[in-house]
Structures are given as C-alpha cells and as structure tokens.
Amino acid sequence: MKKVCENWEKVLLTTTCGPEYFEEFEAKAKQASAEIFRVKTPVEAKEIITNLIKFTNAKKVVSVDNVLQQASGVNEELQAMGIELYTSQNDIAEHAETADIGISGVEFGIAETGSVCQDAYAIESRLVSMLPPVHIAFMPSSRIVPGVEQAFDVFSQVFQRGYLSLITGPSRTADIERVLTIGVHGPSRFIVIAVDEPVSGGVA
Amino acid sequence: MESSNRNIQQEIEEKLKDEVLRGALGRFAEAYPVSRLKAYENVEDIEALRDQVKQTKMDTVARIEEVADQFVAEAEKRGAKVFRAADGPALKKYLLDLCREKGVKRIVKSKSMASEEIHLNKDLIDAGLRVRETDLGEWIIAIAGHKPSHMVMPAIHLNRYQVAGYFSKELKTDIPPDIPLMVQVARKNLRQEFLQADMGISGANFGVAENGAVGLVTNEGNGRLTTSLPPIHVVIIGYEKLIPTLKDAVPILRTLPRNATCQLMTSYMSMICGPTPVMVKKDGQWTEQEKELHIILFDNGRLRAAHDEKFKEIYQCVRCASCLNVCPVYALVGGHVYGHIYAGGIGAILTAFLNSMGDFEKINELCIGCRRCTEVCPGKINIPGLIEELRIRNAKENGLPFAMKNIFEIVGNRKVFHTLLRLAKVGQMPFQTGRLIRHLPLFLAGLAKDRSLPAIAPTPLRDTIDKVAKNPQNPTKKIAFFSGCSLDFVYPETGEAVVKVLNDLNMSVVFPQDQSCCGKPVIGFGDIETTRKMAKANIAAFEAVNPDIILAACPTCAEMWKETYPEILHEDPEWNARAKKIAAKVREFTSFVAEEYEKAGRLGEANAGAKKVTYHDSCHMRRVLGIFKEPRKLLRSTSDYELVEMKDCDKCCGMSGAFGVKHADLSIPILNQKITNIKDSGAEVVAVGCPACMMQIRGGLDKQAPNIKVKHVADILAEELDKKKK
C-alpha cells in the first residue's frame, strides 16, 4: 500500500508528541462531533466495533490494512458474524460505495483542533474513509501532537509525494440557513478508536 | 462588463426589502463575532498569529515570480502538468482543449472562486459538458441560477423554503423544506455525479513552492471526492495562494477555519503532492492508474497587483470572508449588490483588480470606512485604506462626477466655502426646528424619516473664540485648536467647551483663522489634488502660530493631520518634511486631556454619579487612533455620571462622513441599531468623542428618543468645571 511516510512513529519522535495531549485531543474532537473510544488493548476495540455493527445493522464493511486492527482480531469476528468484509484494493473499489462501514488506520492526532492525520496516498484509504456513512479510524493514543505547528514540523520532513488529510469530525454543512447538518458527501459518523497498548510495526 | 447599466440605488432598495436576506444576515452578524472569538480561545496570541499570516504573505509577494517558478518546477518534477493562464480566455481554452483531447463528458467541481470569477461553468456547459458544483451552497445557487452572495456561505440569502423550491424544480419531484432531508437528497444526487465524472475541478487554499503541493479545506468532503474519484484532476489556483514552504501553511490553517466558519479546523484539510493513484473500471475489472493532475496557475490581474506598491496587499487575503461578516453594510444588503462574485470590502478591491475598475466605481461607496474588518482580517489587510486608494486612482483616471467637482472646488477654497456656510444659516431658517433641521447645506441630500440633521449655528466658533478664550498669564502650553468644520460651524458650543477645559489646565488657546476643512470628505471621494491643496493651507496656517500642541476634538481631523497629510505629500520632499514635523504636534482631545488630568491627579475614581452615561466609540477613534480607554477614564472622573456600557459600543453609527447622508437608506438601519443599544443601556446621556457621530446619533435620538442627550466628552468636562465654580 502506498504511503507518504513508511514510519510515522519515527518521524513523530522529532517533535513534541505524547499521550499527555490525549485529553485535550479528545475534548476538541468531540466538540467537532467525532466519537472517541479509548481502549487499553486492541482486543477491546473488537467489542466496540461488533457492538456498533449490531446497533447499526450493518451488513457490509470495507477496510484497509492496519496493524491495530489486525491485532484486535476484529476481522475474524466480523467474518464469524457473517458480515461481508472487503480488504483488497479491487474489492474496496467495487464495494466502498455500498458498504455500511469503512475502517482505516490514522497516523496521529492534533490536540489543538481534535483532528487526526490520515496518510491517504493509497486511494483505498480515501475510499473507505469517504464513501460509507460511517468511518472508524484506529490510532495509537500515544501519538498526539499539541498543535497544527507540530503536525507541519512532521509533514515538512516527509511530504514529498502523495495525499495527506487532516480529518476533524464527520462531514458537515451549514449551507442552508446556517443550520449545522452532519453527513453531506462524506460520512455522518466519524469514530476514533485510540489504543493505549503499543503494537509493533506502528499503524502501517 | 456585465455591470454597465446597473442601478445600484434600486438594487439596494430591493435588498433592503428582502426580509429573508435581512433576517439571515442580521442573525449571522449577531452570532459571528462571539463564535469567532470562541474559536480563538486556545490561541495564545491572536495578533501574533495574524502578523505571521501577514508577514508570510508579504514576503512571498515580494518574490512572487521566484516562488511561482519553484512551485511550477516542483509540481512538474512530480508529474503534474502546469499551465500558467494569463486570463479567463486562456484558462478556458486550455481546459476545453483538455476536455476534448481526453473525451471528458462529465465534470464535478469543488469550490473554486477563481472559476466563478470568469464564469467558467457557462463556457463548459456551452461546450456540451455536464458540469456539477458539489459544494451544497454552490449547487443550490447553480440550480437557482444565482451568483454567490458570500464567499464561504454562497447561499446565505436563501431560506429552506426557497431551497426546497429550487430542489423540487431541478429534481422534478416534491422536496419538503426539511434541512437534513434536503442535505441527504443532495448527497444522493451528487454521489452519482462523483462516481461517474471524468474530471474533477477544484480550487486550492494554498500552493506550496517547496514541494509543488496544493492544500484544500472543505467541510462537506466534496473536495476529497472531487480530487480522488475522477481520473483527471484540474486544480485552479491563483498566484496569491502560493506560499514558499509547507510550514507557511500553519498560520493560514490556524486562522482560516477559525475566521471563516468559527471552527478550529474544517472537517477535511487535504494536501495533494503530485499525481496520486485512482481506480478505474475497465471491462468490469478495477485497476489502479496514476491520476492525471493538471494545475492551472491563474493570473487575471494578480501579477499586476503583486507589483503594485499598494495593492500587493491583496495577497494577504486568505478568502475567509470575515470582512463581510463584520461589515455593517454587508449585513444590510448582502453580497449581490457588489455586482461581481467577490462581495464586501475585499470584494470591491478584488473586483477592481480582477474584473474592472468600472465595476468598482458603482460599489465603492458601500464601504463606510468603519474599519471593523481590519480588526478581524487574518492578513491584516487595510481594506478601507485600499478602497480609498482605489477612489483616488479612479478619480485620476475617470475624473470626478461633475457635481462633486463643483462642491470640492468650493470646499477647497476656504473663503468661498466659509462664506457659503455663513449664507447657509440664513437659507435654512424656514426649515429649522430647534437646533435640528433636515438639511446640512454642505451635502444637500438625504431626507430620512428616522433622523434629523443639524443646522448651521448662528455664529461660528471662529467669530466667538477670542471672547471665549480666557488665556492664562503664564500658560504651561500653547495650544493651537483645529476645530474642523463641525465644531466651527455646527457645534461651536462644543468648541467653546474644548477651550474652557484647556484654559482650566492653565494652557493658552489660539485659533488660526486661516484653518479650513481637514479634507476628509474630499479625499473620501478620491480627489487627492484638492486635498493636497487643503493640507498645505492648514499646515501653513498652523506653522505660523508656532504652537506646542495642535489639538483636534475630532478623531478624523486628527487622523488626517497625523497620517494622511504626510502620506499624500510624500512625493514633495519639502512639504513632506513640513507635514511630518507638524504631525508630531497633533493630539486628539480626549487622550490629551486624560493624560493631563492624570498628571494633575484628577482622574481618581469619583463617586458614581446619579446620571447614567454610555460611551459610543467612534470607528476612527478606536480603530485608527486606538483611543478608547481615555475617554472612559475622563467620564468616570466626573461627579455627575456613572458610566454604563452599551452593547456593541464600538459598532459604527452609520454616519461615516458623506456616506450617512448620501446613502440614507443604509445609514438609517445602522443608526437604528445603535439607538436601540443606547436605549437598552438605560443611559440618559450618550458621550462621544467625534462630532460626526454626535451629528448622526443626535439626529436619531431627536426623532426616536428625545429624552436621551448626546454630548461630546468636552461638553461633559466643561459642565463639571462650571459645577465646581458654582
């Protein structure tokens, strides 16, 4: 899978970054209508996702590869539940439009704005995060930078080619009478699962 | 150009009658300043951040060609095709050729103001292409056949019922006026457009020279889809959006969302560096391809502006539209009156540069120079200053309207002007009721049912001053009093109060008889030549008396002396030096007296008096001279008054020189808001530091709340002195 940076964890070491900013990140992200779940281990994430699938009556999930998700064992669980799960590039291209949920990994969060950074060079990471009505993003809870400034310290070291996105809550508009309405062209729910326990190999 | 036969006056009247528009803009104007400040709560120093935006942009425009060359080289190195379009026709030709060559039939667009600037959609549609705007607001106005009325909220002039009507017509089915439902209808319809499009066209919020990347901020996600799904992506980016390095995007991204939509960050901020992969389905099989990336670097007047000593400042604009959001005139009339697609103060300037000067001429009077926009602009653009500069250039190029020219010839000649003012007091007699009449002879216009205008006083200050001044034997300072027209001919009693306060400070006051109008109304219409003449006459008159201080009790007069005179005389070394030397002696009344009272230990908090007084901040006093604490200190020091603050104390009263008279239809609603705030404050007296505000507010209160009095701070201080003597 194409990435702007092969090792975000390493580059993040060059700037201020750590779990001490998580609380502020969480507050700001929630302010932007993101849903935040902080879990100790990847396995706990599995329960959150399976519950969500039950509540929303989801049938089809598209997902891009990420190590936290693999460690959570959620894919096996989904298959056991009889959910259609697509993870290959071609399958994602075919099914993202009709999927109920998209799952991806994101690289780090920004406390100042409640944003997460997605390395979106691979087209499938954009498809799963834009086309289905729900986007779930895995992120290590320790990877939070304090501000936009630090995020760009990192970008300026790695961004030579590709596509990077900051995602801050779900898609929204206020174009009619300035009434805030969630879910226009992108997802109406944006859910971050922040995992405390480190998993070797980073998110990628 | 399209604006040639516009009747602005009629358009304004129509907009003022549009209750949907007035309601929406009124509510927004109330909510915006509070929400904006809330978004900045976690920014340690807003001013420093704004300075950073300004500095970054200034540094960039100073070497725009170099930055552009680097941007182009880096983008091309990564496989993007870059085309530099000199103007609209060049851009359109490139794009239409590309569409033909690639067999493009369907296009989705995410927001691009640059494409609206040249009405690109029309050409694309005429060429048989299916074009869809995908930003919800842009889509609404596209199907309604409107122009955007706001840069960030293009459909703010429409309500849900109107939108439902347009949706129903477009989709040929009955759509109820339910906002979430309508948003879902848009999602469903436009999703198919995204999936089937052959080309995506986007704008850009910034372009980075060091890596050739472009950045886009959107909330709906249409930007991400437009740049991800179709196999061809065309970016239209103006030169003013270029920045040297990625890190230079930081101050833009920390201000743009906070100012534009009061968000800490928009839902999506995407940066694209070189061609990225795209999935294409061929014969039922999906394959990954490299997307074709075209970048059109758009000039259309921008490079000319970059090399213009004054107008290079427009490069500091990040298109947040906050200048519209705080503009008292925009709040009344909305964006369409501005004619072209860029509305408000910055819109008037961009229109002049990117469209035509002819368009500017029609709308330039819609800036009342209140300077609220300068307090919020992320790039700290002096919007009213640039508009004034455009007026000067417009007058140079096209001359002044005949009637104006005559009036300014009169105003520019002190003797003739003053004779006329003396005659006017006779002419007005039959219409006078008390101290207020409907016509001020100078401006000869503007009847209005909600406001009286003042009469010319029976005897001007210049005739009584020698009797009034009680100059001390051994004065501590010699003050030369520059009264300005209002205190001389309309409110001489306030002029007398000024003299009394100064005498009481053991200072002597002289009144050079050769002084005349400061020139503000003249330069306000762009007549720089007459203004220069007046500046020289005033400078010479005051040099002759060699004072320690030149004192003005009008912020606009003080500003003219301190800032405008040296500036308009900068090409003449001798006069420039004289103007600068004398400018250093000029002081504004309230700040000067507060300083002297402080020295004399007279500013101790007096016991709260029985009468409530509220203070109205004049736009120029507060935002040009930065004076707002001093008059309040003086008011608190009086024994009769208790100072209470009104809501929006520093919001314009709507007078703004000749604007208030010429555009009474706009001035009166702004005044009425002020009157309401004054009434709600519970004050019996409104204190002002500016005679023009005094004229406007007195006129409004006279008609609507005659029990509330308006007084200049000097009047109140003089009262206090009289009371002590008794």
Side-chain angles (χ1 to χ4, degrees), chain A residues 2 4 24 28 31-33 89-94 97 110-115 118 120-124 126-127 129-131 133 147-149 151-153 155-156 159-179 181-188 190, chain B residues 24 27-28 31 42 78 134-137 140 153-156 158-160 163 179-180 182-184 186-187 190-191 194-195 210-211 213 219-222 224-225 227-228 245-247 249-250 253-254 261 263-274 276-279 281 285-288:
Chain A
K2 279 199 164 79
V4 167
E24 196 195 336
K28 293 292 189 286
Q31 204 177 301
S33 309
Q89 190 189 39
N90 287 7
D91 283 348
I92 289 171
E94 179 69 24
E97 165 59 13
I110 304 176
E112 178 189 346
T113 57
S115 314
Q118 185 187 45
Y121 198 172
I123 177 70
E124 54 270 36
R126 278 174 273 152
L127 297 178
S129 61
M130 289 306 290
L131 295 177
V148 176
E149 183 100 45
F152 274 75
D153 283 345
F155 294 157
S156 65
F159 195 31
Q160 281 304 313
R161 192 178 282 278
Y163 201 118
L164 284 177
S165 289
L166 297 183
I167 302 174
T168 314
S171 156
R172 72 192 59 217
T173 187
D175 273 352
I176 306 175
E177 292 187 15
R178 294 194 307 115
V179 174
T181 313
I182 298 291
V184 197
H185 299 302
S188 53
F190 176 56
Chain B
R27 284 189 297 277
F28 181 50
N42 66 346
R78 287 166 177 78
T134 58
D135 172 85
L136 178 60
I140 292 169
M153 295 168 295
I156 192 173
L158 298 172
N159 67 15
R160 69 188 76 186
V163 173
I179 294 175
M182 287 193 283
V183 169
Q184 285 316 303
R187 174 186 171 103
L190 290 170
R191 179 59 68 88
F194 283 120
L195 292 168
E210 71 174 342
N211 66 354
N219 267 316
E220 296 177 2
N222 58 322
R224 274 191 115 204
L225 290 175
T227 58
S228 294
T245 70
L246 258 177
K247 283 189 187 180
V250 172
L253 288 172
R254 295 188 74 206
T261 47
Q263 290 172 287
L264 304 177
M265 187 61 77
T266 50
S267 296
Y268 303 101
M269 193 291 292
S270 292
M271 297 190 290
I272 303 158
C273 185
T276 50
V278 63
M279 297 303 289
K281 200 174 193 176
Q285 280 298 310
W286 287 98
T287 49
E288 183 185 301

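Naming: A, B, ... by sequence-line order, numbering from 1 per chain. Hydrogens, waters and symmetry mates play no part in the numbers below; they use all other heavy atoms, side chains included.
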**Student:** Name the region of A:P187, side chain, backbone, both or neither, that has any atom closer than 4.5 Å to a heavy atom of chain B.
**Tutor:**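 Answer is both: backbone and side chain atoms of A:P187 are under 4.5 Å from chain B.
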**Student:** Do B:L136 and A:I176 come close enough that some side-chain heavy atom pair is under 4.5 Å?
**Tutor:**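 In short, these two side chains touch, coming nearer than 4.5 Å.
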**Student:** Tell me the closest heavy-atom pair linking A:Y121 and B:P277, and the distance in Å.
**Tutor:**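 For A:Y121 and B:P277, the tightest heavy-atom pair comes out as O-CD, 3.3 Å.
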**Student:** Check each atom of B:F194 against the heavy atoms of chain A and say whether the ones under 4.5 Å are side chain, backbone, both or neither.
**Tutor:**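 Contact with chain A: side chain only.
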**Student:** What's the verdict on side chain to side chain contact (heavy atoms under 4.5 Å, CB included) for B:R191 and A:L131, showing C-alpha distance, side-chain angles and the deciding distance?
**Tutor:** CA-CA 9 Å; B:R191 179 59 68 88; A:L131 295 177; 3.5 Å; yes
**Student:** Give the minimum heavy-atom separation between A:F155 and B:M271, together with the two atoms involved.
**Tutor:**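 That would be CD1-CE, 3.6 Å.
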**Student:** Looking at chain A, which one of B:R160, B:M153, B:E210 has the largest number of heavy-atom pairs inside 4.5 Å, strictly under?
**Tutor:**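 It is B:R160.
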**Student:** Can you name the closest pair of heavy atoms from B:Q184 and A:G183 and give their distance?
**Tutor:**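 B:Q184 and A:G183 have their closest heavy atoms at NE2-O, 3.0 Å.
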**Student:** Evaluate the side-chain proximity of A:Y163 to B:S228: yes if any heavy-atom separation is below 4.5 Å, no if none is.
**Tutor:**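 A side-chain contact exists here, since the closest heavy-atom pair is under 4.5 Å.
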**Student:** So which of B:E220, B:Q285, B:R78 has the biggest tally of heavy-atom pairs under 4.5 Å with chain A?
**Tutor:**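 Of the candidates given, the most pairs with chain A belong to B:E220.
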**Student:** Search all heavy atoms of A:G186 against all heavy atoms of B:Y268 and return the closest pair with its distance.
**Tutor:**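 A:G186 and B:Y268 have their closest heavy atoms at CA-OH, 4.2 Å.
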**Student:** In terms of heavy-atom pairs under 4.5 Å, which option from A:G147, A:G114, A:S129 contacts chain B the most?
**Tutor:**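 Option with the greatest count: A:S129.
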**Student:** Which distance, rounded to the nearest 0.5 Å, do you find between the OG1 of B:T287 and the CG of A:N90?
**Tutor:**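 These two atoms lie 7.5 Å from each other.
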**Student:** When only pairs under 4.5 Å are counted, which of B:G137, B:G221, B:S270 shares the most heavy-atom pairs with chain A?
**Tutor:**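 It is B:S270.
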**Student:** Could I get the full list of salt bridge (charged side-chain N to carboxylate O under 4.0 Å, His left out) partners for A:E94, not counting sequence neighbours?
**Tutor:**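 By the salt bridge (charged side-chain N to carboxylate O under 4.0 Å, His left out) rule, A:E94 matches B:K281.
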**Student:** Write down the atom of A:H185, the atom of B:T134, and the distance for their closest heavy-atom approach.
**Tutor:**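 It is NE2-O, 2.6 Å.
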**Student:** Between A:S171 and B:R187, is a side-chain hydrogen bond (donor to acceptor under 3.5 Å, both in side chains) present by the stated rule, with each step listed?
**Tutor:** CA-CA 11 Å; A:S171 156; B:R187 174 186 171 103; 5.7 Å; no
**Student:** Quick one: pull up CD in A:E112 and CZ in B:R254 and give me the separation to the nearest 0.5 Å.
**Tutor:**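 The CD atom of A:E112 sits 4.0 Å away from the CZ atom of B:R254.
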**Student:** Answer with side chain, backbone, both or neither: which region of A:S156 has an atom nearer than 4.5 Å to a non-hydrogen atom of chain B?
**Tutor:**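 Interface part for A:S156: both.
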**Student:** Looking at A:E149, A:K2, A:Q89, A:E124, which one has more heavy-atom pairs under 4.5 Å with chain B than the rest?
**Tutor:**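 Going by pairs under 4.5 Å, I would pick A:Q89.
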**Student:** Picking from B:A155, B:C273, B:P180, which has the most non-hydrogen pairs under 4.5 angstrom with chain A?
**Tutor:**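 Going by pairs under 4.5 Å, I would pick B:C273.
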**Student:** Just so I understand: if I count every heavy-atom pair under 4.5 Å between each of B:R224, B:M265, B:E288 and chain A, which residue has the most?
**Tutor:**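 Answer, by heavy-atom pair count under 4.5 Å with chain A: B:R224.
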**Student:** Counting only heavy atoms closer than 4.5 Å, note whether A:D91 contacts chain B via side chain, backbone, both or neither.
**Tutor:**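 Neither the backbone nor the side chain of A:D91 comes within 4.5 Å of chain B.
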**Student:** Got a donor-acceptor contact below 3.5 angstrom from the B:S267 side chain to the A:G169 backbone?
**Tutor:**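 Not confirmed, B:S267 side chain does not pair with A:G169 backbone.
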**Student:** Roughly how far, to the nearest 0.5 Å, is the CG atom of B:N42 from the OG1 atom of A:T113?
**Tutor:**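 The OG1 atom of A:T113 sits 8.5 Å away from the CG atom of B:N42.
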**Student:** Mind checking the CG-CD1 spacing from B:L264 to A:I110? Nearest 0.5 Å is all I need.
**Tutor:**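 Going from the CG atom of B:L264 to the CD1 atom of A:I110 covers 11.0 Å.
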**Student:** Side chain from CB out, backbone as N, CA, C, O: work out which of these in A:A93 comes under 4.5 Å of a heavy atom of chain B, or both, or neither.
**Tutor:**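 Looking at A:A93, backbone and side chain both touch chain B.
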**Student:** Select one option (side chain, backbone, both, neither) describing which atoms of B:L253 are under 4.5 Å from chain A's heavy atoms.
**Tutor:**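 Just the side chain, heavy atoms under 4.5 Å.
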**Student:** With a 3.5 Å distance limit and no angle check, can you tell me whether B:N219 reaches the backbone of A:R172 through a side-chain donor-acceptor pair?
**Tutor:**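 Flag not set: sc B:N219 to bb A:R172 has no pair under 3.5 Å.
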**Student:** As an exercise, state the distance from CD1 of B:I179 to OG1 of A:T181, rounded to the nearest 0.5 Å.
**Tutor:**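 Rounded to the nearest 0.5 Å, the CD1-OG1 separation comes out at 6.0 Å.
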**Student:** When heavy-atom pairs shorter than 4.5 Å are enumerated against chain B, which of A:L127, A:I123, A:T168, A:I167 gives the highest number?
**Tutor:**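 Result: the option with the highest number of such pairs is A:T168.
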**Student:** Which one wins on heavy-atom pair count under 4.5 Å against chain A: B:T227, B:T266, B:L246?
**Tutor:**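 Most heavy-atom pairs under 4.5 Å with chain A: B:L246.
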